[in-house]
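Residues take their numbers from the sequence shown, with the count starting at 1. Quantities reported herein were computed from a predicted structural model and do not represent experimental measurements.
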Amino acid sequence: RHGRLAYGRLAAVVAAAILVWLALAERAFSIAWTLAPIAAFAALMIIHDRLLAKLERRRRAATFFEKALARLDDRWAGTGETGDRYLTAEHPYAGDLDLFGKGSLFELLCTARTHIGEDTLARWLMAPATPETARTRQEAVNELRPRLDLREDLAIAGESARTGVDPVSLAAWGEAPATMQNGGLRITMWLLTALGVVGIAALILWLCAIGGFVHLRGGLDSLARDLALVVLLVNGLFLHRHRKSTDAVVAAVEEAAHELGLLSEVLVLLEREKFQSPMLAKLRQSLDAEGERPSQRIARLNKLVERLDSRDHVVVRVLEPFILWTMHTAAGVENWRRHCGPAVRRWLTATGEIEARSEEHTSELQSLRHL
């Protein structure tokens, strides 16, 4: 299907080129007929992208089971996450027991897709637990043991690589005080919206006037130009006045909140689960929130970060003085942090704990043999 769709897209491009030549050079028919292959190309592109995403998920599922078979056959060393970043010379037993590094216990056990799950598993390996804690963890592991679909879904969720989300930085960013008070933030967002709407209207009117699409009378052409210049001046002063605060917001969120797509997908999987063991039930309950689910809120933050990344596009740079793209997005980020930031640490903790338990069951016998 992948090959057929690729050839179909190529055929649509060739058909469009032929129609353009027939319409312009031969005057055979209207140029509007080229819209048909263009629409076909767009439809095939959407279908193709969905197929590629499905194909990638199937490949990751195959890799998940191949790695499981490799663990059973004792061929796992050097194929997983080594956890070298957790190894310190001061730890009393990490080196003696090969907790981290190539062929280590961490590499054998860890199937986490997020840094949060990796950090949680490493913390458990490096610190003793009370007998009661160990028993409750094993109850959770026993409940997760038969849930193969959940473990497979976690393994193939999101991007092909582990997420770059740093749980410590993201939680600290969420808990940090917002740069604007709630009232000031609300006024700023309303003002940005008003300036952006006026800027877009002025830009459209000006472009239509100079392009001849709209014939304005009574000197209104020059009025449209003057209005655009006034908007540029006002928005430019507004951008200059708030440049430092905007840069601070952008720098903070780009440092702490990047590659959030995988985290959102993992949260979606966990939100739909129901658990019976006390520890898992408590962790699952910590994901409950009024209004939007945590996965939806993280996805919304991810979209805001992607919008900030797009500010370097040449089109956005040209339109920035009119639409105030960066400032409006930065205000949206601050609004998100004010409403959702304090709960981020709770969501990250629950995600890491559940994910770490879902991988604890995978290699119990092998880990005992390893030790």
Open item on the list: Using every non-hydrogen atom in the two residues, find where I354 and R284 come nearest and quote the distance to one decimal.
Closed with: CD1-N, 4.4 Å
Open item on the list: Check whether S264 reaches the backbone of G261 with its side chain - one donor and one acceptor, N or O, closer than 3.5 Å.
Closed with: no
Open item on the list: Using the rule given for side-chain hydrogen bond (donor to acceptor under 3.5 Å, both in side chains), can you reason through T133 versus T136, listing the C-alpha separation, both sets of side-chain angles and the distance that settles it, and then say yes or no?
Closed with: CA-CA 5 Å; T133 300; T136 56; 5.1 Å; no
Task: Shortest non-hydrogen separation from H115 to Y86 and the atoms involved - done: O-OH, 4.4 Å
Open item on the list: Can you tell me if R75 has over 12 outside heavy atoms packed within less than 6.0 Å of its CZ?
Closed with: yes
Open item on the list: Please determine whether residues W173 and L260 belong to a single hydrophobic cluster, defined as Ile, Leu, Val, Met, Phe, Trp and Tyr linked transitively by side-chain heavy-atom distances below 4.5 Å.
Closed with: yes
Task: With E254 via salt bridge (charged side-chain N to carboxylate O under 4.0 Å, His left out) - residues at least two apart - done: R311
Task: Residue pairs involving residues 5-25 (criterion ring pair (Phe, Tyr, Trp, His ring centres under 6.0 Å); sequence neighbours excluded) - done: none
Task: Residue of the set L170, L287, L263, I116 for which side-chain contact (heavy atoms from CB on, under 4.5 Å) holds with W347 - done: L287
Task: Closest contact, heavy atoms only, G95 versus L87 - done: N-CD1, 4.4 Å
Open item on the list: Ignoring hydrogens and geometry beyond distance, is a side-chain donor-acceptor pair present between N335 and R338 at under 3.5 Å?
Closed with: no
Cut-off 3.5 Å, no hydrogens considered: what does the side-chain donor-acceptor table look like for residues 269-282, sequence neighbours left out?
residue : atom : partner : partner atom : Å
E271    : OE1  : R293    : NE           : 3.2
E271    : OE1  : S295    : OG           : 2.7
E271    : OE2  : S295    : N            : 2.8
E271    : OE2  : S295    : OG           : 3.3
R272    : NH2  : D153    : OD2          : 2.8
E273    : OE1  : R147    : NH1          : 2.6
S277    : OG   : E143    : OE1          : 2.8

- [ ] May I ask whether L5 and M45 are part of the same hydrophobic cluster, defined by side-chain heavy atoms of I, L, V, M, F, W, Y residues being less than 4.5 angstrom apart, directly or through others?
- [x] no
TODO: Verify whether the ring centers belonging to H91 and Y93 lie closer than 6.0 Å.
DONE: yes
Open item on the list: Do V250 and W336 sit in one hydrophobic cluster, given that two such residues count as connected whenever their side-chain heavy atoms are within less than 4.5 Å of each other, even indirectly?
Closed with: yes
